[in-house]
Amino acid sequence: MTTAQTDWFDTPVQPAAEDVMYVDVDGYEGPLDLLLDLARRQKVDLAAISILALAEQYLAFIETVREKRIEVAADYLVMAAWLTYLKSRLMVPQAPSDDEPSGEMLAAMLQFRLKRLEAMRRAASQLMNRPRLGFQVYARGMPEPIEVNRSSLWEASLYDLLKAYAGQRERGISTDYSPIQRTVWSLQDARDILQRLIGDSFDWIPMDLYLAEYLASPSERATIRASSFASSLELVRQGQIDIRQTETFGPLFMRRRKGDQQ
Amino acid sequence: MTDRDEHGEVAERHLRILEALLFASSEPLSANQLLTYLGEGVRVGDLLATLQQRYADRGVNLVQRGDKWAFRTAEDLGFLLRREEQETRPLSRAALETLSIIAYHQPSTRAEIEEVRGVATGKGTIDLLMEAGWIRMRGRRRTPGRPVTYGTTEAFLDHFGLESLSDLPGLDELKGSGLLSGRLPPDMQIPLPFDGALRDDEDPLEPDDLGTDEDQD
Amino acid sequence: MTDRDEHGEVAERHLRILEALLFASSEPLSANQLLTYLGEGVRVGDLLATLQQRYADRGVNLVQRGDKWAFRTAEDLGFLLRREEQETRPLSRAALETLSIIAYHQPSTRAEIEEVRGVATGKGTIDLLMEAGWIRMRGRRRTPGRPVTYGTTEAFLDHFGLESLSDLPGLDELKGSGLLSGRLPPDMQIPLPFDGALRDDEDPLEPDDLGTDEDQD
């Protein structure tokens, strides 16, 4: 296992055996790292390690640290609890009815994880000791970059050009432009007018006839018709008038509704 | 005979073009990139093999990195060329471990890295390796939370002088001992580092995916 | 003979070292600089001459620059490292507006363009249109400051599918197509573009006139 390679990892300073219990937990990268370090001190192959002894060492370590009233990160306590459980599983023979994993299985799992972590560390170390680019191996020091001469082809259509021109000329015109005021009949106005015109007439008279006076102005025709029609529907709903149309697109006849009103 | 001469002349010209292009670039170039300078139907692979052989004993070698090629100084001259410069910032132990776990287990998620290390991985560690250009986000694992999967890059191969992931040191031994598996070895199938496009259980990253794990900050 | 073999082997090794050094160096190296890597008494000059000869027909050559040496792409392959690329981009609004004013009002000066646009026209916009080949400097206006006058080119007509400047639609046509609204002051006019050689108030450009406006930046 001893290799000539330098160990790339700054392994925590190995304290003398009797000092082991006083190592600060801060030096470790988590509980697995601590376990691995403790295991290494047993100076045997991880495959031959006593997981029970390792668990006891870990628990003792955590105990000492806590006695010294040093805060221990939760990770370490979770591992401690798990190891306590592992210990109990290892020491108490498994009942046949017990379908929890056996102590041996749990121990094997932990051993596997330790071996895997150690393997990954060794792999990292081997990677870093390879002839790396920029350290032992070099790329061309004076690369000759590919020169790209980029020329732009501009896109514009005659339409774009004319629009741009017209837009500017219009922008330049002094803005005494005022929007055309459109007369709009509000629904309320239309309703008032309609009520007034229909009055008490019980005869069917076409709506356009009622509105003839107003419809004379072409620019207002549409709004008058639309608003009046909408208002007439409201009046029908309120039971004030009746509406009738005898054919599609035919004239709309209106009259005051007869009935209980009087 | 004139025919063969002519053929040799054309090949020689192609080899010169490859030399020029590969010498000029400090980054590895793919056969396809090179092909655009040679013309349709030229067998770049054969030319590259010839060139590699020609330079095999020289002070500068033609090396393959993933599916790309580059000229690099010969490994055995490293001791001579070694410059005084130190690594600007040596990688932390956490970063190194994370890198090797990703390299040997890829595609791997953050949770898997943490499982191997037995400790939470700071976001900074992954970021640092991404910034170094050695790892990349590959996709998302098709499991709850859809965690991001990480893999190594071509720059990783280039930096560590590997032709492909199968050159990772000690890979066979690790494979044999079942240490690349997530679980206890015996009857388990042992996965190999995978740098293909996407594995069955991986989804591609969306273009706007920033790689934030849904269940993590 | 063994002696010569050994000699050859040492020389070969030295050549490899030179190759690697010259390849990896970020600047040309002198024989003296190279010597420090080879050891006392080595005839660097001879080695460099050998190396130069070996690479003479290759895609990269060993060249001497002053008293220093470097690898460089063979001159006849330099074209590989240059590439022309064309991209099409839409013309910016500022450029379109400027171009359209020049088209209708030519010959027009920068001040006149700015008067129509109501905003200052950057030198960059004019340069861009000149580069695109759509406008040219026609001459200088015979007014204080002697500003440069601009006009359109043949390429402009070509690009926009016009046979001549008189094909540019006039006021009525612009109104008819809805590009200009009906509510325009009655005195509004659209100029007829002038496409003669020089107008009465224009001077020709001197051959060495770079077109710098005297009263501007």
Side-chain angles (χ1 to χ4, degrees), chain A residues 3 5 7-12 27-36 46-47 73-76 78-79 82 101 105-106 108-147, chain B residues 20-28 60-61 63 70-79 81-83 85 87 90-101 103-105 114-120 155 158-162 168-171 173-174 177-185:
Chain A
T3 54
Q5 292 171 337
D7 190 356
W8 232 82
F9 294 108
D10 45 323
T11 24
Y28 292 99
E29 294 255 341
L32 216 53
D33 183 31
L34 170 54
L35 272 169
L36 195 54
L46 275 179
D75 290 1
Y76 292 87
V78 171
M79 178 60 87
W82 190 81
M105 225 154 119
L106 293 174
M109 186 66 206
L110 178 60
Q111 197 173 35
F112 171 71
R113 290 189 69 195
L114 289 172
K115 274 161 82 176
R116 188 173 58 180
L117 180 59
E118 194 182 47
M120 283 302 107
R121 281 193 184 163
R122 203 166 42 237
S125 201
Q126 282 173 331
L127 269 181
M128 295 312 280
N129 280 310
R130 285 187 62 80
R132 289 192 291 143
L133 188 64
F135 294 91
Q136 288 91 15
V137 169
Y138 296 89
R140 176 85 184 267
M142 279 174 285
E144 296 168 79
I146 291 178
E147 268 176 54
Chain B
L21 290 169
L22 289 162
F23 254 81
S25 168
S26 55
E27 301 293 316
V60 176
N61 304 146
V63 297
F71 275 116
R72 298 286 180 248
T73 58
E75 284 186 11
D76 67 311
L77 298 177
F79 72 97
L81 304 177
R82 199 191 289 265
R83 296 170 190 158
E85 65 193 55
E87 204 145 1
L91 283 182
S92 71
R93 208 167 119 176
L96 272 172
E97 278 178 23
T98 303
L99 178 63
S100 70
I101 292 166
Y104 286 81
H105 289 80
E114 292 177 355
E115 216 267 323
V116 175
R117 295 194 62 227
V119 70
D158 199 19
H159 185 90
F160 293 100
L162 304 164
L168 282 170
L171 184 64
E173 195 191 331
L174 286 169
S177 58
L179 287 172
L180 295 184
S181 144
R183 266 158 272 170
L184 277 175

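Just the heavy atoms: all of them, side chains too, but no hydrogens, waters or symmetry mates, feed the values below. Predicted model, so just to flag it, every value in this text is computed and none were measured. Naming convention: chains lettered A, B, ... in sequence-line order (proteins, then strands); numbering from 1 in each chain.
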Practice prompt. May I ask you to decide if A:L133's main-chain N or O and B:R72's side chain share a donor-acceptor pair within less than 3.5 Å?
Written response: no

Worksheet item: Side chain, backbone, both or neither: which part of B:L22 has a heavy atom under 4.5 Å from chain A?
Response: neither

Worksheet entry | Test item: A:R140 and B:V60 side chains (from C-beta on) under 4.5 Å apart, heavy atoms | no

Discussion item. To check you understand the geometry: which heavy-atom pair defines the closest contact between B:L96 and A:A124, and what is its length?
Written reply: O-CB, 3.7 Å

Fill in: Spacing of CZ belonging to A:R132 relative to CG belonging to B:L162, to within rounding of 0.5 Å
12.0 Å

Worksheet item: What's the shortest heavy-atom distance between A:A119 and B:L174, and which atoms?
Response: CB-CD2, 3.4 Å

Worksheet item: Among A:Q111, A:Q136, A:K115, who wins on heavy-atom pairs under 4.5 Å with chain B?
Response: A:Q136

Worksheet entry | B:G178 to A:F112 - nearest heavy-atom pair and separation | O-CE1, 3.5 Å

Worksheet item: Roughly how far apart are B:S92 OG and A:E29 CD, rounded to 0.5 Å?
Response: 7.0 Å

Response to the item:
Answer key: most heavy-atom pairs under 4.5 Å with chain A among B:A20, B:A94, B:A24, B:G118 is B:A24

Worksheet item: Roughly how far, to the nearest 0.5 Å, is CG of B:L99 from CE of A:M128?
Response: 8.0 Å

Worksheet item: If you count heavy-atom pairs under 4.5 Å with chain A, which of B:V116, B:D76, B:D158 comes out on top?
Response: B:V116

Discussion item. Can you tell me how far apart CE (A:M142) and OG (B:S26) are? Round to the nearest 0.5 Å.
Written reply: 12.5 Å

Item to complete: Please report the closest heavy-atom contact between A:L117 and B:R117, naming both atoms and the distance.
Response: CD1-CA, 4.0 Å

Item to complete: Only one of A:M120, A:E118, A:R116, A:R113 passes side chain to side chain contact (heavy atoms under 4.5 Å, CB included) with B:L179; say which it is.
Response: A:R116

Worksheet item: Which value, rounded to the nearest 0.5 Å, describes the distance between A:F135 atom CZ and B:H159 atom NE2?
Response: 5.5 Å

